[in-house]
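Chain letters run A, B, ... following the sequence lines, proteins first, then strands; residues in each count from 1.
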Amino acid sequence: MSATAETIRQVEEATGKYKYGFVTDIAVDKAPKGLDEDTIRFISAKKEEPAWMLEWRLKAFRHWLKMKEPHHWAMLDYPPIDYQDIHYYAAPKQAEAPKSLDEVDPELLRTYEKLGIPLHEQEILAGVAVDAVFDSVSVATTFRAKLAEAGVIFCPISEAIKAHPELVKAYIGSVVPQGDNYFAALNSAVFTDGSFVYIPKGVRCPMELSTYFRINERNTGQFERTLIIAEEGSYVSYLEGCTAPQRDENQLHAAVVELVALQDAEIKYSTVQNWYPGDENGKGGIYNFVTKRGRCQGARSKISWTQVETGSAITWKYPSCILEGDGSVGEFYSVAVTNNAQQADTGTKMIHIGANTRSTIISKGISAGRSNNTYRGLVRMLGGAESARNFTQCDSLLVGDQCGAHTVPYITSRNPTAQVEHEATTSRISEDQMFYCLQRGMEVEDAVSLIVNGFCKEVMKELPMEFAVEAQKLIGISLEGSVG
Amino acid sequence: MPHEAINFAKITAEAAARHAENGWPKQRDEAWRFTDLNAIREMTLAPAEVPSVTTESAPPQDAKDLIQFINGIPQGIDKVALKGVEIAPLSTDSARSSALAEAVPSGHSVADFALAHAKDGVVIAVADVGADAVAPPLTLRFDYRGDGISSHAVIVVDVAAGANLTILEEHKGDGVGLSAPLMLLRLGAGAELHHARRLIEGDSRHHLGLNLVQLDTGALYHGDMVLAGGDIARSETQIAMTAPDAKAYLNAVYLGRDGQMRDITSRIDHDAPDGQSFQRVHGILDGRAKAVFQGKVKVARYAQKTDGNQMSRTLLLSREAEANTKPELEIYADDVACSHGATIGEIDADQLFYLKSRGISTEDARQFLIEAFLVDVVDALDEPARGWLLEAIAAWLERG
């Protein structure tokens with residue numbers, strides 16, 4: 001793309017409304033509103049699930065009924081959610097599963113094009129296999145053949161439940177148990193689909209795996225469930241990106257992601273989250289309550305979370321690592337941008353169990369408008385965490401004087417040989433930095449975008465290249481109208 | 001709301017009712033998450049009674065700069081003769097009584113407990129006597145005796161605009177009991193208070209102290225503390241900066257061994273511009289000791305140009321000790337410089353090796369490094385508090 005065209009596009013993006021705010025109209029097969037055991041049986045039947053899966057869901061549901069929505073600790077303020085006013089299942093209507101992209105509803109494909117996910121092109125150009133989730137059912141999975149050659153399983157979890165029940169049964173709920181928390185329990189009961197990844201022993205996944213989640217149908221909560229298992233000595237990089245159409249009602253999203261890394265395995269999980277954040281007054285927008293957790297089960301295994309959070313009205317998300325194997329490594333790199341009336345309460349948990357475990361936490365929070373952005377983290381060194389190390393740095397940047405930036409770290413150590421270091425700062429864009437940019441002819445918004453991207457550099461460099469470019473633009477767009 | 005004539009008895013009765021309703025804090029209360037009060041909950045406690053004046057309980061005749069508290073009850077407050085300092089019972093001072101009632105944070109069950117059983121309080125009022133007159137420090141000596149007694153000292157310190165005072169506050173004594181001192185410290189414009197405390201009670205005692213500090217324009221509060229005694233010992237400080245340009249420095253050393261619990265809790269509310277707060281907390285834990293430092297700095301929207309800084313370091317000397325840290329920033333103003341840092345670890349093996357390679361014995365080298373660990377805090381102390389607090393640290397280290 002020429003420089004001029006790029007500029008024009010950026011101007012359009014900067015002046016336009018929410019770029020991805022459109023609704024695709026496709027006939028939808030959906031469950032009636034409300035949640036009871038019958039809803040769960042309906043979902044399970046729709047998915048043609050085996051009996052053990054239904055039992056598992058029902059157990060989660062019964063647990064959920066006994067739980068209370070967590071409202072007291074997170075720095076989030078939102079009206080009560082009516083869990084009976086949500087459709088728990090919506091699937092694009094299709095006669096049968098498509099064999100190739102040609103069989104996919106063209107309307108769907110156009111939606112992806114608008115989102116900038118050219119499936120065909122991605123196949124050829126980016127070498128990225130996309131398991132595109134449109135609302136709840138995975139519609140198209142590409143690169144199956146190439147992955148199958150390497151022995152990698154990458155498919156919708158609904159399919160894995162049928163095709164690889166032994167794997168799913170062994171690992172689902174092993175990292176995030178059904179009753180882990182309110183939203184995880186809800187997800188366990190009603191999850192409709194998500195991704196399943198299995199990397200066999202010693203295999204380096206030949207490409208980066210990517211899933212684009214879309215929330216499309218009005219009033220459909222999205223309950224994704226992702227399970228990634230990396231066998232001994234394997235490696236996988238997984239990309240997750242999110243956009244959603246613009247609309248007025250709040251939408252609930254409660255996803256669960258479970259990662260299991262066995263001995264010497266490495267999982268890199270990257271997220272760009274750009275769901276509709278609501279209008280300037282916070283009307284509409286997605287409620288994003290996500291439970292993401294990885295278990296470094298084997299020695300020297302590694303799990304790395306990288307996230308760029310710019311969307312959603314409410315973000316409640318703490319991607320965590322349980323460092324069980326000796327010498328295992330956990331990483332968390334995060335950029336969270338909030339503007340207007342957005343609220344984010346996000347961070348991580350690093351639980352050091354094994355000896356010589358290491359974790360690094362780098363969190364960059366940027367608050368603008370009237371938003372509130374909280375880092376909430378936990379580092380726990382258990383008795384066996386001999387010579388374990390943690391380093392945490394969380395920096396907050398305030399853009400404007402109507403927003404809030406908060407830091408709430410919890411640090412616990414029960415092993416004297418473990419070392420924990422934590423640093424946090426809060427500041428604003430300095431006048432010197434702004435002056436420097438402006439006197440070189442930059443516009444205020446560009447200057448802010450540049451400075452903020454510099455502030456986030458440590459995290460951005462962890463993102464895969466395709467994501468880094470998108471993420472940089474997103475940060476600029478997210479801060480629109482926050483200055484001047 | 002106009003100030004009602006409110007009497008001390010009414011305040012204590014109301015606090016008693018609140019404590020009866022709410023009981024002791026539980027660990028599910030965020031502010032008490034790390035400190036288990038079960039041992040205190042299960043105690044049978046009787047509030048301290050006024051001791052009969054014996055030679056033992058009476059303060060020395062010549063002590064003009066000392067208030068002695070026996071089980072929290074002040075003795076011979078009329079003997080204090082410091083220039084500019086007036087001491088009076090709180091119960092006869094309805095303005096200050098109501099100020100105290102207003103200052104107690106709502107739902108603070110320990111504060112309610114302290115107030116509930118207080119027989120009376122003490123007012124320490126300090127006037128501005130000119131810059132040239134350096135007043136000697138006022139010593140508050142808390143002596144605890146007997147078993148099954150809870151002590152409830154309630155003190156209001158008023159430092160008038162431009163005035164300054166140094167307080168040396170000591171808590172010591174034996175027996176099985178609980179001390180719950182409650183202090184309201186109000187500093188007028190440009191006033192200064194140096195408040196040094198050493199908490200060195202016996203091993204079977206528990207201590208739950210609360211200091212409420214209110215700072216007017218340009219006021220300076222300097223709180224230095226060594227928390228080295230008691231079984232469960234918590235020192236909580238809440239500072240409200242409601243006027244511009246106020247400053248607070250908190251330096252604390254906590255020392256714990258065996259199964260002791262150490263809890264340093266602070267909350268600083270920057271509610272006006274140009275405020276500064278610096279907190280430095282260093283702890284050493286041995287045996288099965290457990291500790292928490294939880295410090296919250298809240299900067300309100302209009303408190304621009306605030307400087308807020310917290311540093312917490314913990315040294316673990318044993319395999320069973322547990323350190324917890326929760327430094328918290330809640331910031332609503334953009335033109336601020338706020339930061340916190342926290343570390344937890346053991347004696348640095350390289351440093352130990354360096355000293356040993358120069359012929360110093362392992363034990364001496366360890367001792368040297370333990371003392372060196374406290375240097376940052378100790379260096380920040382001023383005399384007379386410095387030497388006085390160092391004594392308490394040295395005594396603890398020797399006992400180890």
Side-chain angles (χ1 to χ4, degrees), chain A residues 72-73 75 365 367-368 370-431 482-483, chain B residues 28-30 33-34 283-286 288 290-349:
Chain A
H72 55 289
W73 51 267
M75 291 182 78
S367 330
R370 287 164 293 109
S371 69
N372 273 297
N373 198 329
T374 305
Y375 168 83
R376 187 181 301 276
L378 170 76
V379 174
R380 177 172 285 157
M381 298 288 181
L382 296 181
E386 206 67 17
S387 301
R389 295 281 180 274
N390 162 262
F391 175 75
T392 302
Q393 174 152 15
C394 31
D395 297 321
S396 303
L397 192 68
L398 291 139
V399 183
D401 61 359
Q402 298 296 307
C403 50
H406 319 303
T407 316
V408 192
Y410 293 79
I411 306 162
T412 294
S413 177
R414 289 195 182 136
N415 188 309
T417 64
Q419 265 185 30
V420 188
E421 286 174 78
H422 174 100
E423 293 173 16
T425 65
T426 304
S427 54
R428 66 167 179 175
I429 294 175
S430 82
E431 279 164 20
S482 61
V483 187
Chain B
R28 64 165 180 269
D29 301 331
E30 185 60 31
R33 184 186 178 96
F34 299 97
I284 299 177
L285 299 175
D286 204 348
R288 288 175 295 106
K290 185 178 164 187
V292 59
F293 164 64
Q294 42 183 0
K296 179 169 185 169
V297 174
K298 185 173 176 181
V299 181
R301 184 138 293 149
Y302 27 84
Q304 296 289 3
K305 311 258 181 220
T306 290
D307 260 4
N309 182 283
Q310 284 177 309
M311 184 66 210
S312 145
R313 296 185 61 194
T314 313
L315 183 66
L316 299 177
L317 295 181
S318 86
R319 295 215 56 96
E320 290 85 26
E322 176 185 326
N324 298 282
T325 310
K326 186 191 168 199
E328 193 177 341
L329 295 172
E330 190 176 338
I331 295 169
Y332 298 94
D334 62 336
D335 190 7
V336 299
C338 289
S339 62
H340 63 225
T343 67
I344 303 173
E346 63 179 347
I347 290 176
D348 189 289

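- For B:Q294, no part lies under 4.5 angstrom from a heavy atom of chain A.
- A donor-acceptor contact shorter than 3.5 Å is absent between the side chain of B:K326 and the backbone of B:V292.
- For A:E386, the part lying under 4.5 angstrom from a heavy atom of chain B is the side chain only.
- Taken to the nearest 0.5 Å, the CG atom of A:D395 stands 11.5 Å off from the OH atom of A:Y375.
- The interface of residues 330-340 of chain B with chain A, defined by heavy-atom distances below 4.5 Å, comprises B:E330, B:I331, B:Y332, B:A333, B:D334, B:D335, B:V336, B:A337, B:C338, B:S339, B:H340.
- Separation of atoms CD (B:E30) and CD (B:E328) is listed at 7.0 Å; rounding is to 0.5 Å.
- Residue B:F293: no heavy atom, backbone or side chain, is found under 4.5 Å from chain A.
- Contact annotation for residues 402-422 of chain A against chain B (heavy-atom separation below 4.5 Å, listed by residue number): A:Q402, A:C403, A:G404, A:A405, A:H406, A:T407, A:V408, A:P409, A:Y410, A:I411, A:T412, A:S413, A:R414, A:N415, A:P416, A:T417, A:A418, A:Q419, A:V420, A:E421, A:H422.
- Here the shortest heavy-atom pairing between A:I429 and A:L397 reads N-CD1, 3.8 Å.
- Per-residue counts of heavy-atom pairs under 4.5 Å with chain A were compared for B:Q310, B:E322, B:E320; the largest is that of B:E322.
- Side chain to side chain, A:T392 and A:N390 meet the donor-acceptor criterion of an N or O pair below 3.5 Å.
- With a threshold of 4.5 angstrom between heavy atoms, B:T314 does not approach chain A through any atom at all.
- Proximity to chain B (any heavy atom under 4.5 Å) is restricted, for A:M75, to the side chain, taken from C-beta onward.
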